[in-house]
> 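Dropping a structure here in structure tokens format, bear with me for questions.
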Protein chains: 2
Amino acid sequence: MLSFSSQYNVITSPLGDGLHKDGKRLTPQRLKVLNLFENIGSGKHLSAEEVHEKLVKSSSKVSLATIYRTLRLLVQMGLLHELELSEGGHRYELLSNDNPDHHHLICIRCGRTEEFENEEVLKAGKVAAKINGFKLIESSLNVRAICPNCI
Amino acid sequence: MLSFSSQYNVITSPLGDGLHKDGKRLTPQRLKVLNLFENIGSGKHLSAEEVHEKLVKSSSKVSLATIYRTLRLLVQMGLLHELELSEGGHRYELLSNDNPDHHHLICIRCGRTEEFENEEVLKAGKVAAKINGFKLIESSLNVRAICPNCI
DNA sequence: GAGGAAAATGACAACAATTAACACAAGGCT
DNA sequence: AGCCTTGTGTTAATTGTTGTCATTTTCCTC
Ligand SMILES: [Mn+2]
Ligand SMILES: [Mn+2]
Ligand SMILES: [Zn+2]
Ligand SMILES: [Zn+2]
């Protein structure tokens with residue numbers, strides 16, 4: 001079976017680097033999951049199940065358990081961001097330069113999701129953390145609403 | 001068995017009124033759940049399981065299924081507010097005059113939760129909804145952080 | 001105060017999302 | 001290449017929540 005990288009073809013990807021300096025390993029499965037997010041473009045919010053489906057369709061079979069494990073890992077590494085937009089589980093999006101810190105407007109009927117940036121909101125999170133002596137990790141504003149099509 | 005309200009003692013509670021004009025019924029279970037939130041005071045965020053435990057401890061046994069049903073009902077009626085603060089399910093808090101629209105600062109280690117108000121954040125939600133033509137329902141800012149005790 | 005239709009409850013099964021266990025496979029250092 | 005350790009797939013288990021259904025209760029009408 002052809003493996004993605006052989007010992008003669010050491011690809012030094014950002015993913016590989018991040019993994020190796022932590023005793024972790026670069027696997028085809030991890031690359032497939034990250035590549036999916038990179039190819040699909042920013043602004044997409046996928047569930048574990050959806051990642052699984054998409055990989056199966058592109059004949060890159062990765063088990064669902066591994067997808068859950070990989071999503072958690074990529075979040076820990078700071079490459080993905082975990083969202084709680086709706087019922088029915090978490091969603092994940094690529095963290096990248098052209099996808100800055102932003103917030104979400106969600107239609108509670110159809111799930112349509114729009115993104116927006118707001119400096120004041122980020123500041124509000126910083127201030128709240130500081131006042132209470134907390135160390136800030138992240139702040140996320142979720143706006144629940146009904147989209148034009150669903151009214 | 002003594003029932004909470006007999007036909008001779010019709011209590012016209014706000015809860016009863018709200019229910020009756022909708023073809024729904026005032027039951028001891030619904031009163032117990034709402035009373036729990038009213039007695040515990042505002043600023044408390046309880047899970048369904050915690051509501052269940054507290055009612056069992058106060059020898060007011062209500063089945064867990066009924067608690068889930070009742071929490072959903074009270075949210076629909078606008079008496080409770082549903083929160084997604086942490087892993088492990090939803091939490092609920094009383095909506096009242098002395099508990100205005102506010103946001104949450106959550107320690108990801110121990111779960112300690114602080115509340116804060118911020119007008120700019122509410123405005124940001126309104127603006128985002130308006131710009132996209134959505135009908136606003138609510139906006140909630142969750143700030144994930146680490147509290148002083150957990151650093 | 002009964003009688004009765006409709007709604008609610010409790011007990012329990014089913015479900016969906018996620019995690020755990022473990023035998024086997026594969027990555028990466030030497 | 002060989003070895004050690006990490007990762008994967010399969011499957012079972014957990015957790016939070018909802019569905020089913022027989023029984024009970026509310027509340028409207030007389
Ligand atoms: Mn996004
Ligand atoms: Mn609160
Ligand atoms: Zn919609
Ligand atoms: Zn803490």
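Fair warning: this is a prediction, and the values are worked out from it, not measured in the lab. Here is how names work: the chains are called A, B, and so on, in the same order as the sequence lines, proteins then strands, and each is numbered from 1.
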> Measure CG/A:D22 against C1'/C:dG28 and give the value in whole Å, please.
15 Å
> Using every non-hydrogen atom in the two residues, find where A:D22 and A:G18 come nearest and quote the distance to one decimal.
CB-O, 3.9 Å
> Expressed in angstrom and rounded to an integer, what is the separation of A:L19 atom CG from D:dT8 atom C1'?
15 Å
> Sort and list the pairs that fulfil salt bridge (Lys or Arg N to Asp or Glu O under 4.0 Å) and have at least one residue in residues 25-48 of chain A, not counting sequence neighbours.
none
> For residues 70-79 of chain B, which residue pairs qualify under side chain to side chain donor-acceptor pair (under 3.5 Å), counting only residues two or more places apart or in two chains?
none
> Round to a whole Å and report the spacing from NZ of A:K21 to P of C:dC29.
14 Å
> Which is true for A:Q29 with a 4.0 Å heavy-atom rule: it touches a base, it touches only sugar-phosphate, or it touches nothing?
sugar-phosphate
> Rounded to whole Å, how long is the line connecting atom CG of A:L15 with atom P of C:dG27?
14 Å
> Which heavy atom of B:L141 sits nearest to which heavy atom of A:V121, and what is that distance?
CD1-CG1, 3.7 Å
> With sequence neighbours left out, what residues match A:E50 under side-chain hydrogen bond (donor to acceptor under 3.5 Å, both in side chains)?
A:R91
> By nearest nucleotide on DNA chain C, pick out whichever of B:K61 and A:E49 is the more 5' one.
B:K61
> Using a heavy-atom distance cut-off of less than 4.0 Å, which residues of residues 82-90 of chain A contact DNA chain C?
A:G88, A:G89, A:H90
> Pull out every residue in residues 64-80 of chain A that has a heavy atom closer than 4.0 Å to any atom of DNA chain D, ordered by number, or say none.
A:A65, A:T66, A:R69
> To the nearest Å, how far apart are B:H52 NE2 and D:dG16 P?
14 Å
> Which residues pass the ring-ring contact (aromatic ring centres under 6.0 Å, His included) test with B:H45, not counting sequence neighbours?
B:H104
> D:dG16 C1' sits how many Å from B:E53 CD, rounded?
14 Å
> Rounded off to whole Å, could you give me the CG-to-P distance for the A:L26 and D:dT8 pair?
10 Å
> Any idea which of D:dG7, C:dA8, C:dG10 is nearest the A:K24 side chain?
D:dG7
> Using the test ring-ring contact (aromatic ring centres under 6.0 Å, His included), find all partners of A:H103 that sit at least two apart in sequence or belong to another chain.
A:F116
> Can you sort out the partners of B:Y68 under side chain to side chain contact (heavy atoms under 4.5 Å, CB included), two or more places apart, ordered by chain and number?
B:A48, B:L64
> To the nearest angstrom, how far is A:R25 atom CZ from D:dG7 atom C1'?
8 Å
> Can you tell me if the side-chain N/O atoms of A:T27 get under 4.0 Å from OP1 or OP2 in C:dA26?
no
> Could you work out, with salt bridge (Lys or Arg N to Asp or Glu O under 4.0 Å) as the rule, every residue matching A:E93, not counting sequence neighbours?
none
> Pairs in or reaching into residues 139-151 of chain A: which pass side chain to side chain donor-acceptor pair (under 3.5 Å), with residues at least two apart or in two chains?
A:R144-B:E138
> List for me each residue that meets salt bridge (Lys or Arg N to Asp or Glu O under 4.0 Å) alongside A:R112, sequence neighbours excluded, and say none if there are none.
A:E114
> If only side-chain N and O atoms count, and only distance matters, is there a donor-acceptor pair under 3.5 Å linking B:H102 with B:E117?
no
> Does B:R30 get its side chain close enough to the base of C:dA8, under 3.5 Å, for a donor-acceptor pair?
no
> Based on the rotation axes of five pairs at each end, what angle does the helix from C:dG1-D:dC30 to C:dT30-D:dA1 bend through, to 10°?
40°
